[in-house]
Amino acid sequence: MNNSYKAAVEQLEDVAKLLQLDRKVVKRLEQPDRIIRKKLSVKMDNGKVREFVAFRSQHNNALGPYKGGIRFHPQVSEAEVKALSMWMTWKCAVAGIPYGGAKGGITVDPKELSQGELERLSRAYVRAIAPFIGYRLDVPAPDVNTNPLVMKWMTDEYIKSQKSKVKSQKLNQLRATFTGKPIEDGGSLGRTEATGMGGAIILQQVAKSLKLKAKGTTVAVQGFGNVGYWFSYFAHKAGFKVVAVSDSKGGVYVEEGLNPEKTLECKEEKGTISGCYCVGSVCDLRHGRPISNEELLQLPVDILVPAALEAVVTHKNAAKIRAKIIIEMANGPVTPEADKILASRGIISVPDVLANAGGVTTSYFEWKQNLTNKKWNKEKVLGELTRTMQKAFARVWNIYKNKLKTRDQKPITMRMAAYLLAVERVARAMGN
Ligand code: NAD
């Protein structure tokens, strides 16, 4: 069994025990409702035809249409998309949005393909899965190595494939079959910053619940891409002291607190984050020092935010983490073994299914706008996002604080609390 899928099944089994779920329901939730496996034939620039393996896993739709991204990566496998689709079911249920869970992918290294080849591959994928998707059925979105442009190609191909079957006045609604589209093609304002901002809202809620003042609470963020940057930006704006950020080449540590906006400007100018020690409006070499990504994880900070890769906190470094709270902005940054070590050390890990749910929540707002033919302004999108994240946090925190105990009498973790909420909601919607 693939590691991610094994972990997903184990988590489900643990929660099922606590909820005393019927075995039949557990067995049903362990497998996706449907797994689509297709071979795609794509004409390459040299005139030859190459075959690719592609998947779509539709895990569960008890709460609404299947929802989840499409990833282009050499490691995409059937087991991986199965695990990711299950996690999407839990994420949507935790966020309280009316979606189920799905995930798709193609086993490919997109960096080896030209733009034209990538477009033909994206279109071939949609033709293969078109009978199984739709705005009331399954709503894909971008994921690793896919972006608004890929969504634009996919939406266009999907609409072409459905034209003869749908009345012309309904054609516009077909755009709602994909989210994460460019703004001019029906995408939502606010989607770019949504995931990072959602995480910063969770940060504020945790701090409030633990009576931590933003001022003086230190934060280290691994990853300075879309999620890491916007998380840092909104955390800084809320008064937290962001002392470290990093990208794939390493990071910077600024003890007195850095300015994320200036740091990004500096990184873009220099092409690297190294040396970008930006305090206030000045970036000055005397303000900080370079750090490695491993050092960043072990800094003496209050809050650690992995916002880049999966499995960065493992059994090897979990004992060395000095933060009191981890906010999982990446998907799966803490391994199951590390989770146990962190819990035994009293470190709270806010799970990815809650912390990074701002992205899928805003996708839901995009879908709603497309279906009602309306365009929300950014203020409305971010206001709705704030309310949704606050509500989701309150529900999970409530379960966590109720001091439910696992079978071996240990208090449950926040991850377990989020899963309890999600699995219970899904099982109830399935009629159990
Ligand atoms: P991104 O490509 O914009 O940024 C990734 C960042 O990670 C970059 O700064 C990159 O330099 C850095 N990075 C890469 N390898 C690294 C390494 N070895 N060590 C440290 N940093 C490294 O991606 P993103 O959209 O910001 O996504 C980040 C994570 O958040 C992923 O796990 C993704 O699945 C998850 N996520 C993203 C969204 C979203 O809306 N973008 C939603 C939910 C979850």
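Scope of the values below: all heavy atoms of this structure, side chains included, with no hydrogens, waters or symmetry mates. As the structure is a computational prediction, the values presented were derived from the model and not from experiment. Note that the numbering runs from 1 along the sequence shown for the chain. Just so you know, ligand 1 is whichever comes first in the structure, and atom 1 is the first atom listed for that ligand.
Here the shortest heavy-atom pairing between Val81 and Phe55 reads CG2-CB, 3.7 Å.
Partners of Asn373 according to the side chain to side chain contact (heavy atoms under 4.5 Å, CB included) rule, which considers only residues two or more places apart in sequence or in another chain, are Asn172, Arg175.
Salt bridge Glu80/Arg71: present, at least one basic N to carboxylate O contact under 4.0 Å. Checked for salt-bridge contact, Asp284 and Arg286 meet the test: a charged N lies under 4.0 Å from a carboxylate O.
Listed by chain and residue number, the protein contacts of ligand 1 are Arg191, Thr195, Gln222, Gly223, Phe224, Gly225, Asn226, Val227, Asp247, Ser248, Asn293, Ala307, Ala308, Leu309, Met329, Ala330, Asn331, Asn356 (heavy atom within 4.0 angstrom).
At a cut-off of 3.5 Å, with distance as the only test, a side-chain donor of Asn293 or Ser246 sits close to an acceptor on the other residue.
A distance of 6.0 Å or more separates the ring centres of Trp367 and Tyr135.
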